[in-house]
Asks: 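Structure provided below as C-alpha cells; questions to follow.
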Amino acid sequence: MWQSLALPQSQLCLSAVLKCGQSFRWMVAGAAPNQEYRLCLRERVVCLKQDPTTLFYRTILPDPQPSALHWPLRDAETLIWLNDYFQLDVDLQTLYSKWAARDKVFSSIETRFAGIRMLRQDPFENLISFICSSNNNIGRITKMVQSLCRHYSPSLLSLPDPVDPLIQVQYHPFPPPAALAAPEVAATLRDLGFGYRAKYIQRTAKMLVDAHGSGDLAEKFLAGLRNATTEDAREELLKFVGVGRKVADCVLLMSLDKKEVVPVDTHVHQIAIKHYGLKGSLSSKTSMTPKLYEEISTRLVAVWGDYAGWAHSVLFTSDLKAFSSHGVVATEIALPTPPPTPSPLKRKVPTAEATESNVVPASPLTERAKRRRAA
DNA sequence: GCTAGACCCTGC
DNA sequence: CAGGGTCTAG
C-alpha cells in the first residue's frame, strides 16, 4: 500500500509547504506529528506522509479497483507526479546555502525553516485560486476553493475520515474551465460566498473557453506559457479578469516555472520595509503603486538571485513572528550587486501581434484591456 | 500615467 | 477595520 522514497525533511517539509497558501486543496488528516495529506487529482487521490528521512506515498483510485498486477504501475505514475509536483530535482539545500551567503536575514532563519520549496501546480487551478486570494485570507480562500470543487466537479471517490472513520469524505478534482464558464456560474458563486470575485472567476473561465474551446486546450494553453518568457506569460495572464500584477506573479511563480518572480503583497511589503531597507511605513499602510511594486520585487530579486521566488516563499512561510521573536534587527542589507537598475530599461515594444494560439477573440476589449495591451 | 474608492465577507 | 488586490472612474 504505502510506498517510500528517501527524502530528508530538509528537502521537503510537508506541513510547511502544503498548508502555507501555495495550494489550497490539500486535505490534512490525523494528529499533529505524523499527519497525512491528501490531494485529489483528475483520476486519483494522492496520499502523503513523512518522517525525518522518508516520504511515504500511496495512490487511491476510484472503483473498479485495478488488478493487483497494475498497482506497481499506478504507484510509478504517482512517483513521477511527485517528482514533478515537488520539483525534487531541485536541491533545496544548495539553494538555502546560496541564499544564506547572499543574505544575512536569510542566514538567521535558515535552519529553523528547512524544507520549504515551491510546488509546481496546475496552472488553471493556480489561476482561479489566486483570483480568490485578493483582499482575502488563507482560511476563506481554502473554503472557497473547496466549495468550487464540490459544486462544479463530480466526486471522484470517497474515503473515511481518519479522525472519525464513521464519516465519509468526498474527494473532488479541481473543475476544468468549461465547468466554470457558463454565465449563471457567477451568480451561484456569489451565493456561495465568493463575493465580488464570483464574476472574475466565471469571466476568466469563459475567456479561456471562448479562445480555446471546451476541451483541454485551454489548460494546454496555460501550461504552454511555461515555455514563454516571464514577460510574455505575465502579459497573457494580465488579460484575465481579476488578475492584477500580484496574482499574475503568483501564477508565474507557482505553476509556470518562473522561479525568479517575487510576488509582492502587503506581507512581503512589510518584510521588505523591515529587513531590506525598502521605503514605506511599518504602521501606516502605504498604497502599493505599480512603481513601488516593481521596486520591491526588483530589489528582492537582486538579493536572492535566480531562484528569488523560491526564497520569497521561505520568508513568507516563516512568518514575521519568527524574525521578531529572535531579535533579528532590521538592517540594511549589503547587496551583492548594488541594484544598478539603470533607469527603466527600454521595454521592447511588442512587435508581433498576438499569435493564433494566444489571442482571445470576440469580447470587445475593456478600457483596461486596451491599456494593458498598450503597456 | 497616477490616485482614490468601492468591493464581498470574516475574523480580531 | 484590515486581510496574500483589482477594477473603475477622474
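The structure displayed is predicted, hence computed values, not measured ones. In what follows, chains carry the letters A, B, and so on, assigned in the order in which the sequence lines appear, proteins first and then strands, with residues in each chain numbered from 1.
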Asks: Taking the hydrophobic residues Ile, Leu, Val, Met, Phe, Trp and Tyr, and joining any pair whose side-chain heavy atoms are under 4.5 Å apart, which ones share a cluster with L166(A)?
Replies: none
Asks: Would a distance-only check, ignoring hydrogens and angles, find a side-chain to backbone donor-acceptor pair under 3.5 Å from R234(A) to D249(A)?
Replies: no
Asks: Can you list every side-chain hydrogen bond (donor to acceptor under 3.5 Å, both in side chains) pair that touches residues 15-25 of chain A, not counting sequence neighbours?
Replies: R25(A)-E125(A)
Asks: When the ring planes of W26(A) and F86(A) are compared, do they come out parallel, tilted or perpendicular, using 30° and 60° as the limits?
Replies: tilted
Asks: Calculate the interatomic distance between R245(A) atom CZ and dC2(B) atom P; express it in whole Å.
Replies: 13 Å
Asks: When the P atoms of dG1(B) and dG5(C) are considered, how many whole Å apart are they?
Replies: 25 Å
Asks: Categorize V247(A) for me: base, sugar-phosphate, or nothing, with a 4.0 angstrom heavy-atom threshold over every strand shown.
Replies: sugar-phosphate
Asks: Kindly indicate whether a cation-pi arrangement holds for K98(A) with W304(A), taking the cut-offs as under 6.0 Å to the six-membered ring centre and within 45° of the axis.
Replies: no
Asks: Taking DNA chain B as the partner, which of residues 190-200 of chain A come within under 4.0 angstrom of it by heavy atom?
Replies: R190(A), G193(A), G195(A), Y196(A), R197(A), K199(A)
Asks: When rounded to the nearest Å, what value does the distance between P atoms of dT3(B) and dG4(C) take?
Replies: 23 Å
Asks: For the aromatic rings, using the six-membered ring if either is Trp, is the centroid distance between F113(A) and F316(A) under 6.0 Å?
Replies: no
Asks: Nearest-Å distance, CZ (F240(A)) to P (dC7(C))?
Replies: 12 Å
Asks: Are F240(A) and Y200(A) an aromatic pair by the rule of ring centers under 6.0 Å?
Replies: no
Asks: Rounding to an integer number of Å, can you tell me how far I201(A) CD1 sits from dC9(B) P?
Replies: 13 Å
Asks: Nearest whole Å is fine: how far is dG5(C) P from L237(A) CG?
Replies: 18 Å
Asks: May I have the distance from I296(A) (atom CD1) to dG5(C) (atom C1'), rounded to whole angstrom?
Replies: 14 Å
Asks: What pattern of brackets, bars and dots sums up DNA chain B from 5' to 3', given Watson-Crick or G-U wobble pairs under 3.5 Å, [ ] for crossing pairs and | for another strand?
Replies: .||||||.|||.
Asks: Counting the atoms with a prime plus P, OP1 and OP2 as sugar-phosphate, which does T289(A) contact under 4.0 Å by heavy atoms, base, sugar-phosphate, or nothing?
Replies: sugar-phosphate
Asks: Rounded to whole angstrom units, what separation is found between the CE atom of M288(A) and the P atom of dG5(B)?
Replies: 19 Å
Asks: With rounding to whole Å, what would you report as the distance between dA9(C) and dC8(B) at their P atoms?
Replies: 14 Å
Asks: Hey, is E219(A) close enough to R42(A) for a salt bridge, meaning N to O under 4.0 Å?
Replies: yes
Asks: Please go through L156(A)'s hydrophobic cluster and name the other residues, only I, L, V, M, F, W, Y counting, with side-chain heavy atoms under 4.5 Å joining them.
Replies: M27(A), V45(A), I60(A), L157(A), L159(A), V169(A), Y171(A)
Asks: Any salt bridge linking R38(A) with E36(A)? Criterion: basic side-chain nitrogen under 4.0 Å from a carboxylate oxygen.
Replies: yes
Asks: Please write out each protein N/O paired with an N/O of nucleotides 1-4 of chain C under 3.5 Å, distance rounded to 0.1 Å.
Replies:
{"residue": "dA2(C)", "atom": "OP1", "partner": "K285(A)", "partner atom": "NZ", "Å": "3.2"}
{"residue": "dG3(C)", "atom": "N7", "partner": "N135(A)", "partner atom": "OD1", "Å": "3.2"}
{"residue": "dG4(C)", "atom": "O6", "partner": "C20(A)", "partner atom": "O", "Å": "2.9"}
{"residue": "dG4(C)", "atom": "O6", "partner": "G21(A)", "partner atom": "O", "Å": "2.2"}
{"residue": "dG4(C)", "atom": "N1", "partner": "G21(A)", "partner atom": "O", "Å": "3.4"}
{"residue": "dG4(C)", "atom": "N3", "partner": "K246(A)", "partner atom": "NZ", "Å": "3.1"}
{"residue": "dG4(C)", "atom": "N3", "partner": "D265(A)", "partner atom": "OD2", "Å": "3.2"}

Asks: Below 4.0 angstrom, N of the basic side chain to O of the carboxylate: do R299(A) and E295(A) qualify?
Replies: no
Asks: Is the ring pair W310(A)/Y307(A) parallel, tilted or perpendicular, if the boundaries are 30 and 60 degrees?
Replies: perpendicular
Asks: What's the CD1-C1' distance between I131(A) and dC8(B), to the nearest Å?
Replies: 16 Å
